[in-house]
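See structure below.
If you're wondering where the values come from, they're calculated on a predicted model, not measured in any experiment. Only this structure's heavy atoms are used, side chains among them; waters, hydrogens and symmetry mates stay out.
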Amino acid sequence: MKSVVYLVFNNQAILLKNVLKEKEPFLHRIPAFRYKMISFILEKYSSPFMFAEPDKDSVNFYKNYGFKIVSLGEKYLGVERFQCILKS
């Protein structure tokens, strides 16, 4: 499976729509890749905010990176989503 990054830009924020989808045995590399990718995006594109909307499997990565986390509840049937906001 390939890595995919989907970003939405506007004058006020960067929205990360999809960071990475990978299957074993690459899962041990995902946090380092995500960290470097977010750092690169923040350096390359000046924006006061970055947003992401992960599920519970990915939310701890964003929390550890410094994003503020707010639960959106069960946005999709059986899937809790979180709003993650990072001020740069």
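Remark: Gln83 pairs with no residue by the side-chain hydrogen bond (donor to acceptor under 3.5 Å, both in side chains) rule, at least two apart or across chains. By the ring-ring contact (aromatic ring centres under 6.0 Å, His included) test, Phe51 pairs with no residue at all, sequence neighbours left out. Listed by chain and number, the residues in a side chain to side chain contact (heavy atoms under 4.5 Å, CB included) with Tyr65 are Tyr35, Ile38, Ser39, Leu42, Phe61, Phe67, Leu86 (sequence neighbours excluded). Listed by chain and residue number, nothing satisfies the side-chain hydrogen bond (donor to acceptor under 3.5 Å, both in side chains) test with Lys68 (two or more places apart in sequence, or in another chain).
Residue Tyr76 shares its hydrophobic cluster (ILVMFWY side chains chained together at separations under 4.5 Å) with Val79.
Here the CD1-NZ distance, from Ile41 to Lys36, works out to 14.5 Å after rounding to the nearest 0.5 Å.
The salt bridge (charged side-chain N to carboxylate O under 4.0 Å, His left out) analysis of residues 78-88, with sequence neighbours excluded, yields no pairs.
Between Cys84 and Tyr62, the closest heavy-atom pair is SG-CB, 3.8 Å.
Hydrophobic clustering (side-chain heavy atoms under 4.5 Å, transitive across Ile, Leu, Val, Met, Phe, Trp, Tyr) groups Tyr45 together with Met50.
In this structure, the side chains of Val70 and Phe82 stay at 4.5 Å or more apart for every pair of heavy atoms.
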